[in-house]
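Quantities reported herein were computed from a predicted structural model and do not represent experimental measurements. In this chain, numbering begins with 1 at the start of the sequence shown.
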Amino acid sequence: MFGVMPRGINHPNAELADLRLSDEMIDLMKSGRIDTALLCELAAHPDFVKLLADIQIYVEGIAATQIQNLNAWVDVARAEIAEKYQPGEHDKTAGVLQVAHVREGDYFSSRVHHDIDAIMEDIREAHRGRSDSAPENTIVDELKRDLEEVASFKGSRAEQLLMVFCKQTKLRYNKLTEEEKQWLTRIVQKSELAKSYVPQRGKRK
């Protein structure tokens, strides 16, 4: 058995030899440096086979000859047009043939990018709303909401800042004793932010 088996696994006694993993891959998965659950989601995606196929075609140069032949044909066509019609520097046809060259790296980079983007989007959608996913609201959204709620509080700027601090740190302001409020307020008053303007309802920001 390999490592800690994820929930729902149907092959708890799979042999490492059957998986055909290299020693480097096994060491990496055991090291804890990568999210193996996410790796499994990536590899189990229906389009992962296509992604690997496109990578293999590029890495092994399977399509290199065909691309070179295509570029050679374009060069021949461009030479014939130049000899027969002697187009000007800004001729449209000559320009089209000029950019018709296919760069193998650019072509497969675009294909692989498209493959992985679609897979990542699907996985991200599957993770949406899960407890281990990032919250929908950003820190900026939360701070903006907290400032709007504090704006109606009647108190000094230091007290308002203290309330924002409590909201951001998940402290219950109404659970603090008067002594604790006074102690924290004295600390907050030392902050440059205490001198900043905290918007009040009904006033221009």
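When atom types are taken as modelled, the side chain of Ser31 and the backbone of Leu28 share a donor-acceptor pair closer than 3.5 angstrom.
Nearest heavy atom pair, residue Ile62 against residue Gln56, reads CD1-O, 4.2 Å.
In this structure, CG on Leu51 lies 10.5 Å from NE2 on His45, to the nearest 0.5 angstrom. Arg124 CZ to Asp122 CG: the interatomic distance, rounded to the nearest 0.5 Å, is 12.0 Å. Summarising the geometry, atom CE belonging to Met25 is positioned 5.0 Å from atom CD1 belonging to Ile34; distances are rounded to the nearest 0.5 Å.
Take Thr65 and apply the side chain to side chain donor-acceptor pair (under 3.5 Å) test, not counting sequence neighbours, and it matches no residue. Applying the side chain to side chain donor-acceptor pair (under 3.5 Å) criterion to His113, with sequence neighbours excluded, gives Asp117. The side chain to side chain donor-acceptor pair (under 3.5 Å) search around Asp18 returns none, not counting sequence neighbours. Listed by chain and number, the residues in a side chain to side chain donor-acceptor pair (under 3.5 Å) with Glu125 are Arg128 (sequence neighbours excluded).
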> Does the pair Leu38 and Ile123 meet the rule for a side-chain contact (heavy atoms from CB on, under 4.5 Å), with working shown?
Replying inline: CA-CA 9 Å; Leu38 182 59; Ile123 294 177; 3.9 Å; yes
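Counting heavy atoms from C-beta outward, Asp115 and Asp47 have side chains that stay 4.5 Å or more apart.
Screening residues 54-72 for salt bridge (Lys or Arg N to Asp or Glu O under 4.0 Å), with sequence neighbours left out, gives Lys50-Asp54, Asp54-Arg111. Among residues at least two apart or in separate chains, salt bridge (Lys or Arg N to Asp or Glu O under 4.0 Å) pairs with a member in residues 64-76 are Asp75-Arg78.
Hydrophobic clustering (side-chain heavy atoms under 4.5 Å, transitive across Ile, Leu, Val, Met, Phe, Trp, Tyr) keeps Val59 apart from Val49. Under a hydrophobic-cluster definition in which Ile, Leu, Val, Met, Phe, Trp and Tyr are linked whenever side-chain heavy atoms come within less than 4.5 Å, directly or via other members, Val112 and Leu52 are assigned to the same cluster.
At most 12 heavy atoms of other shown residues, nucleotides or ligands fall within 6.0 angstrom of atom OH in Tyr58.
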